[in-house]
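Start at 1 with the first residue, then count along the sequence.
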Amino acid sequence: MKKKLLCTIVFINCLFSFSQITVSTPQDLTNALSVVTAGGTIYVRNGNYVFTSKISISKSGTSANLISIVPHPDNVSRAKLDFSSMAEDSSNQGIVLSGNYWHIKGIDIFGAGDNGLQIKGSNNLIEFCTFSECSDTGLQIDNGAANNVVLNCDSFFNADSTKENADGFACKLTAGTGNKFIGCRAWQNLDDGWDGYLRGTDNITTIYENCWAFKNGILKNGNLSGGDGNGFKTGGSDDKLLKHNAIYKNCIAAGNVVDGFDHNSNRGDVTLYNCSAYSNGRNINFGNSNIANSLTIKNTVSFAGVSGGDSYSATTTNISNNSWQNGLVANAADFVSLD
């Protein structure tokens, strides 16, 4: 009986260790990812974690039992996953998350040779993380990934040598539908703050709430990047036929080199509600070629566009109660600050 009881205690302790794991080194984190189970939590102590190759996460939690990577409760600073020793290469992502039902919170991802975090799974929550100085988009959603939420995250200073791909955030190419960005900020990325360009999927919907895109197209050192320089690129596709339905609520585009809110041949349905566009090259640009299916703009401010007037072309439009209508004119006095 004593031997049987001892085995039972050991087994229970083993299960407990897989449900709550504390890590303080790169190897600890790698080991934890290999053994954590649905409902488990990996607590990451503050410090610099240097990785020379990408982290692949393929296992999944469940809707009732997420797998979590979160800061240790005793942390006095943030944990930084440093991938800066990796060469710039399309296979050198920092983290590839192909699993479902993960919660990743409070981690800084730095210097990856491609995306900082590439999400290929669904129903994940990415919260209070940063993505910076990666050689492609900081956080990218593709490969059919659906119903992910990116909450209160920052992506900045991402730049690639081709001057083409490094955005702050991107739900693009083969992404699935139902992804949301809430309370996120993207600034001084070489290409766009957000990129919704599609290739291989069609008629998906992405939601953006309380998000900021500013100074994209300007590098960390303050120089012009040579990239596209848009705040929110709503969509676009090679054949200029694909539909990326996009809903922007209470979003701000400011100081982006080219467009604040950019059509880019998106054929989908786009809504701007309670948004603000200030001091972009063009604040709102929905051109009259390859026009969107529908464009709704309500309760939105456009002020001090730098290089040209706004355009609002679509097959169907519903544009009302905005700063340029009903005899209204926006000016600096309407704002507490324009910083």
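With sequence neighbours left out, the side chain to side chain donor-acceptor pair (under 3.5 Å) criterion links Thr300 to no other residue. Here Asn75 pairs with nothing under the side chain to side chain donor-acceptor pair (under 3.5 Å) rule; sequence neighbours left out. Every side chain to side chain contact (heavy atoms under 4.5 Å, CB included) that Asp239 has, sequence neighbours left out, goes to Ser237, Leu241, Leu242. Asp334 is linked by a side chain to side chain donor-acceptor pair (under 3.5 Å) to nothing, counting only residues two or more places apart in sequence or in another chain. For Lys220, the salt bridge (charged side-chain N to carboxylate O under 4.0 Å, His left out) partners are Glu133, not counting sequence neighbours. Residues passing the salt bridge (charged side-chain N to carboxylate O under 4.0 Å, His left out) test with Asp262, sequence neighbours excluded: none. Evaluation of the ring-ring contact (aromatic ring centres under 6.0 Å, His included) rule for Tyr248 yields Tyr208, Phe232, Phe261 as partners, not counting sequence neighbours.
The pair Asp142-Lys120 does not meet the salt-bridge criterion, since no charged nitrogen lies less than 4.0 angstrom from a carboxylate oxygen. Classification of Lys172 and Asp167 as a salt-bridged pair holds, one side-chain N sitting under 4.0 Å from a carboxylate O.
Evaluation of the side-chain hydrogen bond (donor to acceptor under 3.5 Å, both in side chains) test over residues 312-325, restricted to residues two or more places apart or in two chains, returns Asp310-Tyr312, Asn322-Gln325. For the side-chain hydrogen bond (donor to acceptor under 3.5 Å, both in side chains) condition, the pairs that include at least one residue of residues 176-189, sequence neighbours left out, are Asn148-Asn179, Asp154-Arg185, Asn158-Asn189, Asn189-Asn216. Among pairs with a residue in residues 104-114, those fulfilling side-chain hydrogen bond (donor to acceptor under 3.5 Å, both in side chains) read Arg78-Asp108, Gln93-Asp114, Asp108-Thr130, at least two apart in sequence or across chains. Within the structure, side-chain hydrogen bond (donor to acceptor under 3.5 Å, both in side chains) pairs that include any residue of residues 79-90 comprise Asp82-Ser84, Glu88-Ser161, Asp89-Ser91 (at least two apart or interchain).
For the residue pair Asn283 / Asn280, a side-chain donor-acceptor distance below 3.5 Å is found, with atom types taken as modelled. When only modelled atom types and interatomic distance are considered, His263 and Thr234 share no side-chain donor-acceptor pair under 3.5 Å. A side-chain donor from one of Asn285 and Ser311 sits under 3.5 Å from a side-chain acceptor of the other.
For the pair Ser276 and Phe303, the minimum side-chain heavy-atom distance is 4.5 Å or more. At a threshold of 4.5 Å between non-hydrogen side-chain atoms, the residues Ile126 and Leu117 count as touching. A 4.5 Å side-chain heavy-atom check between Ile119 and Asn124 finds at least one atom pair inside the cut-off. Contact check for Asn290 versus Arg267: side-chain heavy atoms found under the 4.5 Å cut-off.
Side-chain rings of Phe131 and Phe110 stay apart, their centers remaining 6.0 Å or farther from each other.
Counting side-chain heavy-atom gaps under 4.5 Å among Ile, Leu, Val, Met, Phe, Trp and Tyr, Phe128 is found in no cluster with other residues.
With hydrogens and angles disregarded, a donor-acceptor distance shorter than 3.5 Å links the side chain of Thr137 to the backbone of Asn165. Ser225 places a side-chain N or O within 3.5 Å of a backbone atom of Leu190 that can act as its donor or acceptor partner.
Note that the CG atom of Leu125 and the CD1 atom of Ile104 stand 9.0 Å from one another [nearest 0.5 Å]. For the atom pair CE of Met86 and OG of Ser135, the computed distance is 9.0 Å after rounding to the nearest 0.5 Å. Rounding to the nearest 0.5 Å gives a distance of 5.5 Å between CD1 of Ile57 and CG of Leu97. Distance NE2/His103 to CD1/Ile67: 13.0 Å, rounded to 0.5 Å. Atom SG of Cys275 sits about 7.0 Å away from atom CG of Asn250, to the nearest 0.5 Å. Summarising the geometry, atom CG belonging to Leu198 is positioned 10.0 Å from atom CG belonging to Asp238; distances are rounded to the nearest 0.5 Å.
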Do Asn65 and Tyr101 pass the side-chain hydrogen bond (donor to acceptor under 3.5 Å, both in side chains) test, and can you show the C-alpha distance, the side-chain angles, and the key distance before you say yes or no?
-> CA-CA 8 Å; Asn65 292 286; Tyr101 295 108; over 6 Å; no
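Counting heavy atoms of neighbouring residues, nucleotides and ligands inside a 6.0 Å radius, atom NZ of Lys59 exceeds 12 of them.
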